[in-house]
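So the structure is just underneath, and the comments pick up after that.
Treat the numbers as computed from the prediction; the structure is a model and nothing was measured.
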Amino acid sequence: MSETTEGRAAAGAQGNGAAKPGVQAIDRAVAILKCFSPRRPEMGISDLARATGLSTSTTHRILASMQANGLVRQTAQRQYALGSLLVQLARSGAFPTTLRDAAMGAMRELRALTDETVGLHELLPSNERAVVDQVESHHALRRTYTEMGVPIPLVYGAPGKALLAFLPRQEAEALLAGPIEAVTPATVTDPERLRAELEEARRAGYACSYSERTPGIRTVAAPVFDHESRVVGCISVSGPESRMPEERMHELGPQARRTARTVSEVLGCAQP
């Protein structure tokens, strides 16, 4: 692609609202950074130019600026790799390293918005979940988690559904294949009904539970994803049935979803 063609393409993008004057260099630098991966930790100028659609001369010019700022470095083989500044930032402590660190600020904001108990649930390697933290409601009558760290099967409750809905299908089906015992009168024990609810959770981005695991408690929950777009946990909002009619639950669901999206972005997920 020639410099003239690149200029025309950039102008066309600006005219369509896809780019803004003054940020083209940043957009191009980001495009170059996105080319690197564990499979391609080092790349030459020609490879980067082909991958980004930029001309070789433009790529060379941008790489020179990125190298001067520590965003890339040149290897002994005259190729390019991610630079020292990115490593320094990654190891500086500026990025949360745990689900709890990433979520706590957003959880407090969600509690302030809803004044219901906000829970944080982590997906365990066993494909169970555990409550790892909570921000309690100020109401005298409120949901309080007491089973911190205790493994809970994913087939129970809104947090379990929010995780189960976004597991790889084969893993989810393995969990649905076993018998589901009722733990409350409202527990969903029919796998087909549960599959339908999981499909709805995937569509809506949140799941609901109507006293299905804990009597008298209703919950909505939305999934949290990591930098590889894998589901790793969820954010829930819970309260007593008296304050959680179905209409309110579907108002709280999108709020939980937005909070979970924020936490996902903190964990490095570009498109939750």
Side-chain angles (χ1 to χ4, degrees), residues 99-100 102-123 129-148 152-167 183-188 193-226 231-267 269 271-272:
L99 179 61
R100 183 184 284 107
M104 189 49 61
M107 290 171 63
R108 293 193 183 100
E109 292 179 5
L110 184 58
R111 191 271 308 274
L113 186 64
T114 65
D115 202 13
E116 299 293 354
T117 295
V118 177
L120 178 64
H121 311 256
E122 187 167 21
L123 179 64
R129 67 177 169 96
V131 184
V132 294
D133 216 331
Q134 66 180 326
V135 182
E136 290 189 54
S137 167
H138 295 301
H139 289 289
L141 179 62
R142 62 180 182 266
R143 172 67 159 119
T144 299
Y145 288 101
T146 58
E147 68 267 79
M148 294 287 180
I152 303 169
L154 297 188
V155 292
Y156 298 122
K161 294 178 194 176
L163 295 169
L164 192 57
F166 292 92
L167 279 181
V183 294
T184 77
T187 300
V188 178
R193 178 182 165 189
L194 194 50
R195 286 187 182 94
E197 292 192 12
L198 297 180
E199 187 60 40
E200 174 61 21
R202 282 187 284 270
R203 185 197 65 78
Y206 64 90
C208 298
S209 172
Y210 298 86
S211 304
E212 295 163 23
R213 194 182 78 83
T214 304
I217 297 295
R218 291 185 169 185
T219 304
V220 298
V224 172
F225 302 90
D226 69 4
V231 64
V232 293
C234 67
I235 298 289
S236 68
V237 181
S238 298
E241 289 179 332
S242 59
R243 289 201 304 271
M244 299 283 279
E246 185 173 358
E247 181 180 359
R248 188 179 186 221
M249 291 181 69
H250 288 294
E251 293 173 353
L252 294 173
Q255 294 174 346
R257 183 182 62 212
R258 285 191 290 271
T259 299
R261 180 182 293 271
T262 297
V263 177
S264 298
E265 290 173 350
V266 173
L267 290 173
C269 183
Q271 294 181 327

Test salt bridge (Lys or Arg N to Asp or Glu O under 4.0 Å) applied to D133 - qualifying residues, sequence neighbours left out: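 Testing D133 for salt bridge (Lys or Arg N to Asp or Glu O under 4.0 Å), a comparison that skips the adjacent residues, returns R100.
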Test salt bridge (Lys or Arg N to Asp or Glu O under 4.0 Å) applied to E109 - qualifying residues, sequence neighbours left out: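 Salt bridge (Lys or Arg N to Asp or Glu O under 4.0 Å) list for E109, sorted by chain: empty.
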Contacts of type side chain to side chain donor-acceptor pair (under 3.5 Å), residue E241, not counting sequence neighbours: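 S211.
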For E251, all residues meeting side chain to side chain donor-acceptor pair (under 3.5 Å), sequence neighbours excluded: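 Here no residue qualifies.
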Contact summary for V263 and A103, nearest pair of heavy atoms: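 What the structure gives for the nearest pair is CG2-CA, 3.8 Å.
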Minimal non-hydrogen separation, R142 against R243, with atom names: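 Closest heavy-atom pair between R142 and R243: CA-NH2, 4.1 Å.
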Those residues that, when tested against [X], pass side chain to side chain contact (heavy atoms under 4.5 Å, CB included) (two or more places apart):
| X | result |
| --- | --- |
| R195 | E173, L176, P191, E192 |
| A201 | A165, A207 |
| E122 | L99, V132 |
| R257 | Y206, A222, P254 |

Listed partners of Y156 passing ring pair (Phe, Tyr, Trp, His ring centres under 6.0 Å), at least two apart: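 Testing Y156 for ring pair (Phe, Tyr, Trp, His ring centres under 6.0 Å), a comparison that skips the adjacent residues, returns none.
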Donor-acceptor under 3.5 Å (T184 side chain, T214 main chain):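 Side chain of T184 to backbone of T214: no pair is present.
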Side-chain donor or acceptor of D115 paired with backbone N/O of H138 under 3.5 Å: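 Confirmed, D115 side chain pairs with H138 backbone.
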Give, for atom [atom1] of [X] and atom [atom2] of [Y], the distance between the pair rounded to the nearest 0.5 Å.
| X | Y | atom1 | atom2 | answer |
| --- | --- | --- | --- | --- |
| R203 | E199 | CZ | CD | 9.5 Å |
| E136 | R111 | CD | CZ | 9.0 Å |
| L110 | L120 | CG | CG | 11.5 Å |
| R258 | Q255 | CZ | CD | 6.0 Å |
| L154 | L163 | CG | CG | 5.5 Å |
| M244 | T114 | CE | OG1 | 8.5 Å |

side-chain contact (heavy atoms from CB on, under 4.5 Å) between E200 and C208, intermediate numbers included: CA-CA 10 Å; E200 174 61 21; C208 298; over 6 Å; no
Donor-acceptor pairs are to be reported for all side-chain atoms of residues 231-238 against protein atoms at under 3.5 Å, with residues two or more places apart or in another chain.
from: S236; atom 1: OG; to: G119; atom 2: N; distance (Å): 3.4
from: S236; atom 1: OG; to: H121; atom 2: NE2; distance (Å): 2.8
from: S236; atom 1: OG; to: Y145; atom 2: OH; distance (Å): 3.3
from: S238; atom 1: OG; to: Y145; atom 2: OH; distance (Å): 3.2
from: S238; atom 1: OG; to: T219; atom 2: OG1; distance (Å): 2.8

Of all pairs that satisfy salt bridge (Lys or Arg N to Asp or Glu O under 4.0 Å), the ones with a partner from residues 208-225, not counting sequence neighbours: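 Applying salt bridge (Lys or Arg N to Asp or Glu O under 4.0 Å) to every pair that reaches into residues 208-225, excluding sequence neighbours, yields E147-R213, K161-E212.
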Electrostatic pair E265:R261 at N-O distance under 4.0 angstrom: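 Salt bridge: no.
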Test side-chain contact (heavy atoms from CB on, under 4.5 Å) applied to V118 and T259, step by step: CA-CA 11 Å; V118 177; T259 299; 6.0 Å; no
